[in-house]
Structure formats: structure tokens, C-alpha cells
There are 2 protein chains.
Amino acid sequence: MALSKIPRDRNLTYGLVESLGQLIVTGEFDAKAFPTEGELSRQHGTSRSVTREAVKMLTAKGLLQARPRQGTSVTPETQWNLLDPDVLRWLLERKFSLRLLAEFTEMRLAIEPAAARLAARRADPEAIAHIRDGLRRMIAAGVGDEEPVTADIAFHTAILAATGNRFYAQLDPLINTALRISIRFTNRIKGRAAGIAGHDEVLDAIAAGDAERAGLAMHALISDALQLIEAAAENPGATGARRSRRAG
Amino acid sequence: MALSKIPRDRNLTYGLVESLGQLIVTGEFDAKAFPTEGELSRQHGTSRSVTREAVKMLTAKGLLQARPRQGTSVTPETQWNLLDPDVLRWLLERKFSLRLLAEFTEMRLAIEPAAARLAARRADPEAIAHIRDGLRRMIAAGVGDEEPVTADIAFHTAILAATGNRFYAQLDPLINTALRISIRFTNRIKGRAAGIAGHDEVLDAIAAGDAERAGLAMHALISDALQLIEAAAENPGATGARRSRRAG
DNA sequence: TTGAGAGTAATAATCATATAATATGTTCGC
DNA sequence: GCGAACATATTATATGATTATTACTCTCAA
């Protein structure tokens, strides 16, 4: 529930992690080599301690590797830990591509229907209340920029939590990040009413303990989103993705 | 393909990360508070730089958080990044629980059938050859301790790679870790022949491009494994899990 | 030309120490 | 009681020196 209390920017190290993480995923160091510790420190005006600690954190996320004499280098993209919330966030926010969003949604298409089935089998009244609360907020939300999105996210993460499976629950921050970007697509194209109806069907099935129906309903929901994303990917510009700010 | 060339233990920092990671997941600091930097340094005979860098890596994995004056502390287990290969490895190797293995397998039950379906739709001849090679090695393997396991793992990860989806491919190290532990169960109880038949069915369906059949076959495979694990969890000792070393 | 081996040097890894920033109590004035 | 000033513990940052590792170069022999 509570946001992380760790100060991400009032702290040189975390700030540097953010900067470097974004630079790395945007391919800043594809051509030129990654700088040495000394250069990095000079370029960012940080001490070597801070620089080294930031590099170590990025190493832990699979983005960098360091060896004496060879220096520090960006690891091949295949080794990046895409399932790390920070890495996914940097990619989606700083190097957005419909392709990547489609791939992630493709994984959601496997995960979330299964989560809905588990939730239907296991959710206790309290967990169901959380899911219902998300939907209620979706319905109550006006056309404000934030609330409809956060309510939708709350709905999905409440279902993940209701599975009672720690690995599903762990996907919360990833889905959170991806949905914040993804929802703009689906809402713009499908009407709000249709979206809410789909979510309501999921909740209804879970509350009724009908695993099969819950899975199918969730599958339909995400399948729709995936199709929209894939269509946009193949036909860029036609969906209004580019002139998004105006639609309100 | 190639193993990571980063020296995990010829390096004080990585060694400390390993030690602390294992201590944390085993609940070593549940009662007592996590030591201060100074204490940690003294206890492990490392300088503060090394200690801090290790702590930073564990922070990046969600296991620790540090604040001035308050000290460093273990984060609530719900914030641990279970999808980080190191974290999952520490948990399964140092604090093994059938419950956790069951939860992971439950997630595999959502992921891998979907991966098999995608592979059936998209796999090119080369990718299929990799899958086939895994199965071939499974069949050829004797009763040696290692080869049957690594071959089985190669089969599963080849399918993940064949999806052409980076997020599925990213699950490789996780599945790798979990399978190395999980396979002992399934193989001990179900015969080798039955296991190979199941895998062959998956490969056959993928090679034929039959997504539905591939998904069902993979589902059956993992569903079997999950049932064995859950049975063992509810009835500890009865499956031979405890007297494993002798069976070989 | 090739290959092995020794030597060189660049770079991260480690250590040690000092100072700053930041929470958290605690005391004091009222 | 209550808020502001102050003390204190701990991480955060900075810096210089030393060590360990290993990529690269060069030599020399086959």
C-alpha cells in the first residue's frame, strides 16, 4: 500500500542509478564504450564511492558488468533483468516501444487469467472487497487524468494479491508500471463503459467462486488490450497514439 | 549459452553479497536487528567500502533498506524481489520449503503452457532443433546425477527462448534454479519413461505447429509436477523426500 | 608465420580515514 | 504540556593510497 519511503533523488547514489539506468537502456553506450570509474565520477560530479555503489546496483540488475583492466561495460540486452521493476520502468518510460509493451502484455495474457482463476478459488471476503473497491473507484472516477488509471491498476493488483501466491503478488510493481502506460491505449480506443463491463464480469466470477469464468473474463480483457497494442504496432499513427495529448 | 564469467567468489564484495543474502533469507535477522555498517565490516573482516557495496546490491534486490541514523534493516518479505534469480536461489537452496516450490510451480503452470503455445506458432527450425536437442539429451542420459537434470532444463529453456518474447526468455535463470531442485521430486516418483513421453508430446506438437496441443501437453507435464509437490507438502516424509540421497 | 611465454600497464577492487547529511531522541525554556 | 534548540548515532559522501586482476604487447623460438 504505502509507497517506498526510500528517497530516490535526495540521495546522490540513487540519483546516479536512475541517470545511468536511463542512459543505458536508451542505448547511449552502444557505440562508445562505458566510461571508467574515474570518468563517470568526473562526468557526473560524484565521488568514486557514490559512482561505484551506483555501478554495483546496476550490476545487481544485470545491466552492467565490471572487471579489472577491461573496465565496466553494458551487458548484452538479453541479460538485463526485465523482471526488475526499475529496468522495466526505464525501458517503458525512456525507450518506449509498442513491441516491448506487446511482449509484456503477452506475458500478462498468461499470468493474469491464471491469477483470476486462483483468486476465484481462494480469495477471502477481504481480498474480494479490495478487488471490488478497485472497480468501484474505476466507476466513480471522472475523466481526471490519474484516478481512472490508478483505480484500474488497483483492481488488477488486488487480484494478484488475492491469489495467495507470492510470485503472482510480486508482479505487482511490474504490472503497475506497464499498465500506467498501457491503459492510455485501451481507454482511448475502447470506450470506458466497455472496459468497466469487462472488469465487472471478472469481479463477479471471482466473487461467485467460478474459476473458469473468471479466467475467461480476464483473458478477454487482456486479449483486447493486446490486440489494440499489436494493431498499433503494425500500423503506427493510425490509432491516435501519436496525437495522444489532445484526446483528453 | 555461455555461463556468466563474473567471478562470484574471488571477489570480496560478491562473496559478502552471497553470505548476507543467504543469512537474510534464512531469517537470521528476524529477531535481532541488522548490524550497522561498522559491525558488519568487523564481523566479516571487510572494509566499509566493500560492506557498503554489498549492502547496496542487496538493496537493489529489495532485501535491505538503509537510512541514516536509523540504520540498515531487512525489508518485509513481501518486498523481496522473488523474480530476481539470486533471491530465488537463496530461498530455494538455503530455506527450502515445499510451499514456496509449489507456489513457483503454480506460476510455471501459467507461464510454460503459454510459452509452448507461442513456440508452436513462432518457432523457427533452429529453435525447434534446440528443443529437440534437449529431449535427445534427456533420452541419451544415463542415471548420472547431472546430465538428466541439465538436459531437462535445456528442454524447458529452449521453449522459453523459442517464444521470441523477451519476458518469457528472461524466466530462464529462474526456471533453471527451480527445476534443478524440482526435478528430483518428479523423477523419483514418476518413472523416467513417463516423463520422457510427456516431453516428447510437447516437442511433437510444437514441431507440428499445433499450439493448442502443445499448451495442453505442457500443462499436463507441469500439472503432474505440481500435484506431486503439493502431495508431498501435505504429507511430509511419505514421498521419500527426506531419504533422497540414497535413492540414486 | 605462428605460438607460447614473460612482462607491462590499465582498471577495478580494496582499504583507511575524514567530513557531511540526516533522522531521532532529549533537554530546555516557557 | 509543547515547541524549539541541541546532542547523537548512523548512513552518505569524499578522497588518497595500495593491491589484485587481467587484457594487451612484445619477444623469441619453432
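Chain letters run A, B, ... following the sequence lines, proteins first, then strands; residues in each count from 1.
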Provide, to the nearest angstrom, the distance between the [atom1] atom belonging to [X] and the [atom2] atom belonging to [N].
X: A:R67; N: D:dT21; atom1: CZ; atom2: P; value: 12 Å
X: A:L12; N: C:dT22; atom1: CG; atom2: C1'; value: 13 Å
X: A:R69; N: D:dT21; atom1: CZ; atom2: C1'; value: 11 Å
X: B:Q65; N: D:dA12; atom1: CD; atom2: P; value: 11 Å
X: B:E37; N: C:dA16; atom1: CD; atom2: C1'; value: 14 Å
X: A:R52; N: D:dA17; atom1: CZ; atom2: P; value: 18 Å
X: A:F34; N: C:dT11; atom1: CZ; atom2: P; value: 14 Å
X: A:R42; N: D:dT15; atom1: CZ; atom2: P; value: 13 Å

(message) Using heavy-atom distances to pick each residue's nearest nucleotide on DNA chain D, tell me which of A:G45 and B:P35 is more 5'.
(response)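 In this pair, the answer is B:P35.
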(message) Is any side-chain heavy atom of B:H199 closer than 4.5 Å to one of B:H156?
(response)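 The answer is yes, as the side chains (C-beta and beyond) meet within the 4.5 Å cut-off.
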(request) Please tell me if the side chains of A:V202 and A:I206 come closer than 4.5 Å, counting only heavy atoms from C-beta onward. (result)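 SC-SC contact between A:V202 and A:I206 confirmed.
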(request) Run through A:R136, A:R137, A:H130 and flag the one making a side chain to side chain donor-acceptor pair (under 3.5 Å) with A:D133. (result)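 Running side chain to side chain donor-acceptor pair (under 3.5 Å) over A:R136, A:R137, A:H130 with A:D133 returns exactly one hit, A:R136.
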Taking the side chain of [X] as its heavy atoms from C-beta onward, which of [options] lies nearest to it?
X: A:S47; options: D:dT22, D:dA12, D:dT13; value: D:dT13
X: B:K56; options: C:dA16, D:dA12, D:dT11; value: D:dA12
X: B:A66; options: D:dT11, C:dT14, C:dC15; value: D:dT11
X: A:T46; options: C:dC15, D:dA14, C:dA12; value: D:dA14

(message) For a quick check of understanding: with a heavy-atom distance under 4.0 Å over all strands, which category does B:S49 fall into, base, sugar-phosphate or nothing?
(response)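 Answer is base: heavy atoms of B:S49 come under 4.0 Å of a base.
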(message) Show, in sequence, the C-alpha distance, side-chain angles and deciding distance for A:Q170 and B:W80, and conclude whether the side chain to side chain donor-acceptor pair (under 3.5 Å) test is met.
(response) CA-CA 8 Å; A:Q170 201 65 37; B:W80 296 358; over 6 Å; no
(request) Find which nucleotide of DNA chain C each of A:R48 and B:P68 is nearest to by heavy atoms, and output the residue with the more 5' nucleotide. (result)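 This one resolves to A:R48.
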Does OP1 or OP2 of [N] have a side-chain N or O of [X] closer than 4.0 Å?
X: A:T13; N: D:dT13; value: yes
X: A:N11; N: D:dT11; value: no
X: B:Q70; N: C:dT24; value: yes

(request) Give the intermediate values and the outcome of side chain to side chain donor-acceptor pair (under 3.5 Å) for residues A:S41 and A:T51. (result) CA-CA 6 Å; A:S41 302; A:T51 306; 3.0 Å; yes
